[in-house]
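Heavy-atom basis, side chains included; hydrogens, waters and symmetry copies ignored. The chains referred to below are lettered A, B, ... by the order of the sequence lines, with proteins before strands, and numbering in each begins at 1.
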Protein chains: 2
Amino acid sequence: MVQPELCPRFEQAVGMLSRRWNALIIFSLLGESQRFCTMTESIGISNRLLSERLKELEKDGIVERNVFPETPVRIEYSLTEKGRALAPVMQEIEKWSQEWLPVQEAAEDEQEPSVR
Amino acid sequence: MVQPELCPRFEQAVGMLSRRWNALIIFSLLGESQRFCTMTESIGISNRLLSERLKELEKDGIVERNVFPETPVRIEYSLTEKGRALAPVMQEIEKWSQEWLPVQEAAEDEQEPSVR
DNA sequence: ATATGATGGTTACAATTCGTAACTGAGAGA
DNA sequence: TCTCTCAGTTACGAATTGTAACCATCATAT
């Protein structure tokens with residue numbers, strides 16, 4: 001019933017990072033603050049889920065929501081210090097992917113995906 | 001429709017690591033080879049999903065399945081070189097979690113979860 | 001004053017994935 | 001034959017996700 005092997009903090013971190021889209025959201029904010037609509041486009045996530053995930057990440061203290069009352073209103077999302085501290089994780093994922101994943105040419109037409 | 005910002009290999013890596021349970025499976029195999037039933041206990045994953053995930057990870061070349069025809073049959077799962085190369089990712093997650101996540105005392109009784 | 005457009009979301013609902021629990025199959029021993 | 005262990009599968013309800021349509025606010029155009 002209890003899994004005694006794993007550090008609960010590690011498990012919590014993995015749970016957060018494993019939540020669908022979270023790693024991509026954090027990665028895309030490592031570069032610079034972004035607006036809602038920019039993120040949906042660059043990440044390829046729907047409005048619904050981006051909204052949901054940003055709220056969760058804000059509650060976790062990883063993302064910050066900054067409102068600029070211009071016209072039309074501009075809202076920028078950025079990483080907190082806690083969020084930026086995830087940069088090394090992303091860097092290691094990037095390193096691994098470059099070393100171990102094949103470069104796949106962009107298929108213009110739909111072809112049988114090799115995995116799922 | 002197309003998200004041009006992100007490196008496709010990075011996205012693929014994140015997709016694999018973000019799949020529920022995958023990070024914990026890989027982490028628990030970083031130490032040593034493990035049997036199926038040991039993993040379900042230590043990770044807290046169900047038979048169904050562990051089986052599914054191990055097959056996927058094997059197909060991805062990250063996990064190896066070794067059959068020892070003893071009695072009863074012993075099957076051990078271990079990481080390939082590609083899988084072990086994920087160790088730095090796990091280490092960085094661990095570092096981050098130790099620095100940024102609070103130690104939470106184990107609550108014996110069910111109490112209001114702070115998130116969700 | 002009303003219509004239109006942009007931004008930043010919500011809501012509704014179908015499709016996919018997950019969790020739980022019961023079941024299967026192979027081989028050995030009682 | 002019956003039971004036991006290990007290593008999974010199967011069935012099915014519950015939770016999460018994806019898609020698409022809709023809403024609220026503010027500003028400018030008509």
Does the side chain of B:Lys55 get closer than 4.0 angstrom to OP1 or OP2 of D:dA7 through an N or O atom?
no
Spacing of A:Leu50 atom CG relative to D:dT17 atom C1', expressed in whole Å:
14 Å
Quickly work out the A:Glu76 CD to C:dT7 C1' distance and round it to whole Å.
13 Å
Choose from D:dG8, C:dG8, D:dT5 the nucleotide whose nearest atom is closest to any side-chain atom of A:Cys37.
C:dG8
Between A:Glu76 and A:Arg74, does any NZ, NE, NH1 or NH2 come within less than 4.0 Å of an OD or OE carboxylate oxygen?
yes
Report the distance from atom CD1 of A:Ile75 to atom P of D:dC26, rounded to the nearest whole Å.
12 Å
Between B:Arg65 and D:dA7, does any side-chain N or O lie under 4.0 Å from OP1 or OP2?
no
For C:dG19 and B:Trp21 - does any side-chain N or O of the residue sit under 4.0 Å from the phosphate oxygens OP1/OP2?
yes
Looking only at N and O atoms, is any donor in the side chain of A:Arg48 or the base of C:dG9 less than 3.5 Å from an acceptor on the other one?
no
Nearest whole Å is fine: how far is C:dC13 P from A:Leu49 CG?
18 Å
Any ion pair linking B:Glu56 and B:Lys59 (charged N to carboxylate O, less than 4.0 Å)?
no
Protein-nucleotide distance (A:Asn47, atom CG; C:dG9, atom C1'), rounded to Å
7 Å
With the side chain of B:Pro72 defined as its heavy atoms from C-beta on, choose the nearest nucleotide among D:dG8, D:dC6, C:dT7.
D:dC6
Side-chain N or O of A:Tyr77 less than 4.0 angstrom from OP1 or OP2 on C:dG9?
yes
Between CZ of A:Arg20 and P of C:dA15 the distance, given in whole Å, is 17 Å
In this structure, how many angstroms lie between the C1' atom of C:dG29 and the CD atom of B:Glu70, rounded?
17 Å
Can a salt bridge be assigned to the pair A:Glu58 and A:Lys55 using a cut-off of 4.0 Å between side-chain N and carboxylate O?
no
Map B:Val73 and A:Ile45 onto DNA chain D by nearest heavy atom, then report which one ends up closer to the 5' terminus.
B:Val73
Salt bridge between A:Glu99 and A:Lys95, side-chain N to carboxylate O under 4.0 Å?
no
If you look at every strand shown and take non-hydrogen atoms under 4.0 Å, does B:Ser46 touch a base, only sugar-phosphate, or nothing?
base
Determine the minimum heavy-atom distance between A:Leu101 and B:Ala13, stating which atoms define it.
CD1-N, 3.7 Å
Looking at the side chain of A:Ser51, which of D:dG18, C:dG19, C:dG9 is the nearest nucleotide?
C:dG9
Atom-to-atom span, CD of B:Glu52 to C1' of C:dG19 - whole angstrom
12 Å
